[in-house]
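Just so you know, residue 1 is the first one in the sequence shown, and it goes up from there. Given the structure is predicted, the values throughout are model-derived calculations rather than measurements.
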Amino acid sequence: MRMLLFVTVLLMATAGVVWAQGAADYWPWHVGHYWIQHSDSFGGGYLPSTNTFYVEGTDSILGEECLRMSQEMKTDGDSLLESMYIWGQSDTSGILWAAWGPTSDPDSATIFATPASFMPDSALNQGYNWVYDIPEMDWHSENVTESISETVVVPAGTFNNCLEISTVNSWISTGDTFETRHAYYAQHIGQVLNDGWSESWGNFQWELIEYNVGADEKKTKVATPRFSLQQNYPNPFGSVTTISYILPISEHVSIKVYNVAGVEVATLVDEYRTPGKYSVEWDGAGFSSGIYLTKIVAGNYTETKKAIVLR
C-alpha cells in the first residue's frame, strides 16, 4: 500500500502543460497549497475515503532547498489508512523529486541519488511521452500526454482544458506492471481526477472535492454538496448489505427495493432527514436470488442502483 500511495503522490507531478509558462502551471506547488480528493469506493469495496495532499514547508536535501509535501489517506470515519512525505523542487526543466519518507524528518527519508524529472516542461505537447526510473524504489514509469483539452466534472467544479496523462508503472527488477492510470490536471489547480487500476487496490477513482492554490494566489474552492446514492456493499450479497447516501439539504427521503418486474418488495427509509451522510441495512435473508433495484427519492432527486441477492 505504501508504494501505491507513493505512486499517487508522484502522479501529482507527471502533468504536461500546453503553454509556455511551464509545467508548474498545472501543478502550482507552493507552501500552503493543498488538494483533497474523495473516493466512494476503495480497496475493492465500498470504503468512502479522502486523500489529502498538503505542501507543508521546506527542508534541505543534499544541500538543496526542497518543498515538503505530506499525503494522508483516511476513511470518512476518520480511520488513518496511510501517511507519507515527498520532497521536491523546480528547475528550468520542470519539477524534480528528491526524496521520499514515512515521516516529516528528512533524515528518515530515502534520498534519490539523482533527482528525477517527474513533470518535465517538455510535456507541454499532446503526444509527448517520457520515462523515468527510481532505482531506490525499484520503480519504472512510462507516461504519455494523451490530451490537452479535456473537460472534467468533479465535486469541486467543472474544469476545462485539462491535461490527460496516462501512466504505466512497473517494477524494475521483474518488469511486472503494478499500476495503470489516467490523471487529469487543471491550470493553476493541480490534479482534479485520478482513476485507474493497481495490484494493491484494484480499480480506483479519486475526485477533487476541495483545494487551496497556496500563498501565491490566495483562493479557496470548496465542493458544493450533492445528492448521492452509493452502490450497496457487499454486492452480490447473501444476507445483509449496506446502502449509503448523501443529502446536501433537508428532505423527505424514501428508499425502496423493487424486483425486476417493478414490484415494490421492501421499504428501507421513509422519513424526513437533515443534511448528512447516512447508511441503512437491507436484510435480504427472505428474498430469493436475483437482481433487485434500490431506488431513492429525495425531493426532486431520484436514483436507482442494481443489487444482487446470491445464495
Task: Aromatic ring pairing Tyr54/Tyr34, orientation class (parallel under 30°, perpendicular over 60°, tilted between) - done: tilted

Task: Test item: side-chain donor near acceptor, Gln187 and Tyr26, under 3.5 Å - done: yes

- [ ] Output the distance between atom CG (Asp59) and atom CZ (Arg68), rounded to the nearest 0.5 Å.
- [x] 4.5 Å

- [ ] For residues Val154 and Phe159, report the shortest heavy-atom separation together with the two atoms involved.
- [x] CG2-CE1, 3.7 Å

Task: Side chain proximity check, Phe53 to His33, heavy atoms < 4.5 angstrom - done: no

Open item on the list: Checking Asn160 against Thr151: is there a side-chain donor and acceptor pair closer than 3.5 Å?
Closed with: yes

- [ ] Tell me whether Val297 is reachable from Val265 by hopping between hydrophobic residues (I, L, V, M, F, W, Y) whose side-chain heavy atoms are closer than 4.5 Å.
- [x] no

Open item on the list: Whether the Asn129 and Glu142 side chains hold a donor-acceptor pair (N or O, under 3.5 Å, no angle test) is what I'd like checked.
Closed with: no

Task: Over all atoms of both residues, closest heavy-atom pair of Pro234 and Val240 - done: CD-O, 3.9 Å

Task: Heavy-atom side-chain proximity of Glu56 to Tyr85 below 4.5 angstrom - done: yes

Task: Same apolar cluster: Met137 and Met84, side chain cutoff 4.5 Å - done: yes

Task: Where Ser49 and His38 come nearest, the two heavy atoms and their spacing - done: O-CD2, 3.2 Å

- [ ] State whether the side chain of Asn169 and the backbone N or O of Glu179 hold a donor-acceptor pair below 3.5 Å, judged by distance alone.
- [x] no

Task: Exercise: identify the closest heavy-atom pair between Trp171 and Glu199 - done: NE1-OE2, 3.5 Å

TODO: Output yes when a side-chain donor or acceptor of Ser39 lies under 3.5 Å from a complementary backbone atom of Gln205, and no otherwise.
DONE: yes

Open item on the list: Going by side chain to side chain donor-acceptor pair (under 3.5 Å), name the residues that satisfy it together with Thr267, two or more places apart in sequence or in a different chain.
Closed with: Glu264

Task: Within the 6.0 Å centroid threshold, strictly below: Trp130 and Tyr128 - done: yes

TODO: For atom CG of Asn300, decide whether the heavy atoms of other residues, nucleotides or ligands shown that lie under 6.0 angstrom number more than 12.
DONE: no

Task: Nearest-0.5 Å distance that lies between atom OG in Ser149 and atom CG in Asn161 - done: 6.5 Å

TODO: Tell me yes or no: between the side chains of Asp133 and His140, is some donor less than 3.5 Å from an acceptor?
DONE: yes

TODO: Please check if atom NZ in Lys295 has more than 12 non-hydrogen atoms from other residues, nucleotides or ligands closer than 6.0 Å.
DONE: no

- [ ] Please name all residues satisfying salt bridge (charged side-chain N to carboxylate O under 4.0 Å, His left out) with Glu72, sequence neighbours left out, ordered by chain then number.
- [x] Lys74

Open item on the list: Could you check whether any side-chain heavy atom of Ser70 comes within less than 4.5 Å of a side-chain heavy atom of Ser104, counting everything from C-beta outward?
Closed with: no

- [ ] With rounding to the nearest 0.5 Å, note down the distance linking NZ in Lys305 to CD1 in Ile255.
- [x] 12.0 Å

- [ ] Provide the closest heavy-atom pair for Phe287 versus Ala266 in the form atom of the first, atom of the second, distance.
- [x] CZ-CB, 4.1 Å

TODO: Could you check whether the rings of Trp139 and Tyr132 sit parallel, tilted or perpendicular, using 30° and 60° as the cut-offs?
DONE: perpendicular

Task: Inter-residue atom distance Tyr278.OH - Ile296.CD1, 0.5 Å rounding - done: 11.0 Å

Open item on the list: Is there a path of hydrophobic side-chain contacts, each under 4.5 Å between heavy atoms of I/L/V/M/F/W/Y residues, joining Val309 to Tyr258?
Closed with: no

Task: Note, Gln71 side chain near Asn51 side chain (heavy atom, < 4.5 Å) - done: yes

TODO: First locate atom OH of Tyr184, then atom OG of Ser147, and finally report the distance between them rounded to the nearest 0.5 Å.
DONE: 8.5 Å

Task: pair Asp25-His188: side-chain heavy atoms closer than 4.5 Å - done: yes

Task: Separation between CG of Leu247 and CZ of Arg273, rounded to the nearest 0.5 Å - done: 8.0 Å

Open item on the list: Using side chain to side chain donor-acceptor pair (under 3.5 Å), reason through Asp270 and Ser254 one step at a time and then give a plain yes or no.
Closed with: CA-CA 4 Å; Asp270 186 15; Ser254 168; 4.9 Å; no

Open item on the list: Grouping I, L, V, M, F, W and Y whenever their side-chain heavy atoms are under 4.5 Å apart, do Val253 and Leu293 come out in a common cluster?
Closed with: no

Open item on the list: Strictly distance-based, threshold 3.5 Å: is any side-chain N or O of Glu164 a donor or acceptor partner for the main-chain N or O of His182?
Closed with: no

Open item on the list: Is a donor from one side chain sitting under 3.5 angstrom from an acceptor on the other, for Asn232 and Trp282?
Closed with: no

- [ ] Might you work through the side chain to side chain contact (heavy atoms under 4.5 Å, CB included) test for Trp100 and Ile134, ending with a clear yes or no?
- [x] CA-CA 11 Å; Trp100 170 90; Ile134 308 175; over 6 Å; no

TODO: Using a 4.5 Å cut-off on heavy atoms from C-beta on, say whether the side chain of Ile189 contacts that of Leu208.
DONE: yes

Open item on the list: For a quick test of reading the model, state the closest non-hydrogen atom pair linking Ala109 to Trp87 and the distance between them.
Closed with: CB-CZ3, 3.6 Å

Open item on the list: What I'd like to find out is whether the side chain of Leu67 reaches to under 4.5 Å of the side chain of Met69, using heavy atoms alone.
Closed with: no

Task: Single-linkage hydrophobic cluster Val168~Ile165, side-chain heavy atoms < 4.5 angstrom - done: no

Open item on the list: Tell me if a side-chain donor or acceptor on Asn235 pairs with a main-chain N or O of Ile308 at a distance below 3.5 Å.
Closed with: yes

Task: Tyr211 and Val192, any side-chain heavy atoms less than 4.5 Å apart - done: no

